[in-house]
Undergrad: 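The structure's right below; bear with me while I get my questions together.
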Amino acid sequence: MVSSKMLGNQTSRGEIMKSKEMYETAREYLIENIGNQVSAGDVYYDNSTKTWSVKIISKTPHGILIVGEMHLDDEKTIVYLTPGERMLKILRSKLKEERVLIDVPANALALIKETVPDVTVYG
C-alpha cells in the first residue's frame, strides 16, 4: 500500500504516482516469479541509495509478516531482491516465535512496556 503519510508530508502528487507504479511493478514481479504467497507491502524512497524500497510481505494465520525487501531504480529495474531461500528462512523463523496480541487501553501501554521484558508495543 502507498500513502502520502508513508512517504512524508512533503510528498508531491508525482512522487505518490511513482510510488504506486513501483508498488505495482513489485507486486506483479513477485506474483509471476515467487508465487502468490508473497506480495508487495509498504513503499518508500531511499534518498541515500536513490532507489525505491518495497517491503515483501506474506499473509499467514499469524498476520501479515515482512519477509524481505525489493529495491528498484527510477526505471523500475530491480537492483536488489531478498533471495527466495532467505525469505523462506525469515518466514519460518517468524512463524516459530510464539506471540500473542492483546487489546488494552492506550494509557496502559507505558505500564506494559515497564513491566514486561522483551515486549514490542504497536500503537
Side-chain angles (χ1 to χ4, degrees):
M1 285 292 190
V2 179
S3 71
S4 58
K5 181 179 178 187
M6 288 168 25
L7 296 170
N9 293 334
Q10 304 300 321
T11 304
S12 72
R13 187 169 178 85
E15 288 171 314
I16 293 172
M17 293 302 294
K18 186 72 168 181
S19 64
K20 287 180 180 179
E21 289 176 27
M22 296 300 171
Y23 172 84
E24 285 301 321
T25 299
R27 187 179 68 79
E28 289 172 16
Y29 177 88
L30 291 167
I31 289 170
E32 291 174 9
N33 295 281
I34 306 294
N36 62 1
Q37 297 300 312
V38 295
S39 188
D42 292 345
V43 177
Y44 63 93
Y45 185 75
D46 185 343
N47 203 33
S48 65
T49 62
K50 306 291 187 217
T51 59
W52 291 88
S53 295
V54 182
K55 299 293 182 189
I56 300 172
I57 59 172
S58 179
K59 293 180 183 176
T60 73
H62 300 283
I64 296 173
L65 303 173
I66 297 171
V67 296
E69 194 167 70
M70 178 187 292
H71 297 198
L72 302 112
D73 64 17
D74 282 328
E75 286 76 42
K76 302 181 195 173
T77 302
I78 298 171
V79 295
Y80 173 78
L81 175 65
T82 302
E85 284 298 316
R86 179 76 182 131
M87 284 190 254
L88 191 54
K89 284 181 183 179
I90 291 168
L91 181 59
R92 285 181 180 149
S93 173
K94 288 185 175 188
L95 289 175
K96 286 181 182 176
E97 294 177 3
E98 291 189 33
R99 300 280 181 184
V100 296
L101 268 142
I102 58 171
D103 185 13
V104 297
N107 60 357
L109 292 178
L111 180 60
I112 291 170
K113 282 180 167 178
E114 291 173 10
T115 57
V116 180
D118 299 322
V119 69
T120 302
V121 176
Y122 302 97

Undergrad: If you define the side chain from C-beta out and look only at heavy atoms, does anything of Thr25 sit under 4.5 Å from Leu72?
TA: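 Contact flag for Thr25/Leu72 side chains = yes.
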Undergrad: Do Ile90 and Leu81 sit in one hydrophobic cluster, given that two such residues count as connected whenever their side-chain heavy atoms are within less than 4.5 Å of each other, even indirectly?
TA: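 Result: yes, single cluster for both.
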Undergrad: Return the OG to CD distance between Ser19 and Glu24, rounded to the nearest 0.5 Å.
TA: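 The CD atom of Glu24 is 11.0 Å from OG of Ser19, to the nearest 0.5 Å.
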Undergrad: May I ask whether Leu95 and Leu88 are part of the same hydrophobic cluster, defined by side-chain heavy atoms of I, L, V, M, F, W, Y residues being less than 4.5 angstrom apart, directly or through others?
TA: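 Leu95 does not cluster with Leu88.
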Undergrad: Under the side chain to side chain contact (heavy atoms under 4.5 Å, CB included) rule, collect the residues that match up with Ser58, sequence neighbours excluded.
TA: Val38, Thr60, Val67, Leu91
Undergrad: Rounded at 0.5 Å granularity, tell me how far CZ in Arg27 sits from CD in Glu32.
TA: 9.5 Å
Undergrad: With rounding to the nearest 0.5 Å, note down the distance linking OG1 in Thr49 to NE2 in His71.
TA: 6.5 Å
Undergrad: Side chain of Lys50, backbone of Asn47: donor and acceptor closer than 3.5 Å?
TA: yes
Undergrad: Are Ile57 and Tyr44 joined in one hydrophobic group, where the rule is that I, L, V, M, F, W and Y side chains link up if heavy atoms are under 4.5 Å apart?
TA: no
Undergrad: Consider only side-chain heavy atoms of I, L, V, M, F, W and Y, link residues closer than 4.5 Å, and tell whether Ile66 and Tyr29 are in one cluster.
TA: no
Undergrad: So does Asp73 get a backbone contact from the side chain of Thr77, meaning a donor-acceptor N/O pair under 3.5 Å?
TA: no
Undergrad: Counting N and O atoms only, with roles assigned by atom type, does the side chain of Thr82 sit under 3.5 Å from a partner on the main chain of Glu69, one being a donor and the other an acceptor?
TA: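 The answer is yes, because a donor-acceptor pair under 3.5 Å joins these two groups.
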Undergrad: Residues in salt bridge (charged side-chain N to carboxylate O under 4.0 Å, His left out) with Lys89, at least two apart?
TA: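 Partners of Lys89 by the salt bridge (charged side-chain N to carboxylate O under 4.0 Å, His left out) criterion come out as none, since no residue qualifies.
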Undergrad: Could you check Leu30 against Met70 for side-chain contact (heavy atoms from CB on, under 4.5 Å), going step by step and ending with a plain yes or no?
TA: CA-CA 10 Å; Leu30 291 167; Met70 178 187 292; 4.0 Å; yes
Undergrad: I need the single residue from Tyr80, Tyr45, Tyr23 that forms a ring pair (Phe, Tyr, Trp, His ring centres under 6.0 Å) with Trp52. Which is it?
TA: Tyr45
Undergrad: CE/Met22 to NZ/Lys76 distance, rounded to the nearest 0.5 angstrom?
TA: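 Rounded to the nearest 0.5 Å, the CE-NZ separation comes out at 6.5 Å.
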Undergrad: Any ion pair linking Lys18 and Glu15 (charged N to carboxylate O, less than 4.0 Å)?
TA: no
Undergrad: Just how far is it from atom CD of Glu21 to atom CG of Asp74, taken to the nearest 0.5 Å?
TA: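 Nearest 0.5 Å value for the CD-CG distance: 10.0 Å.
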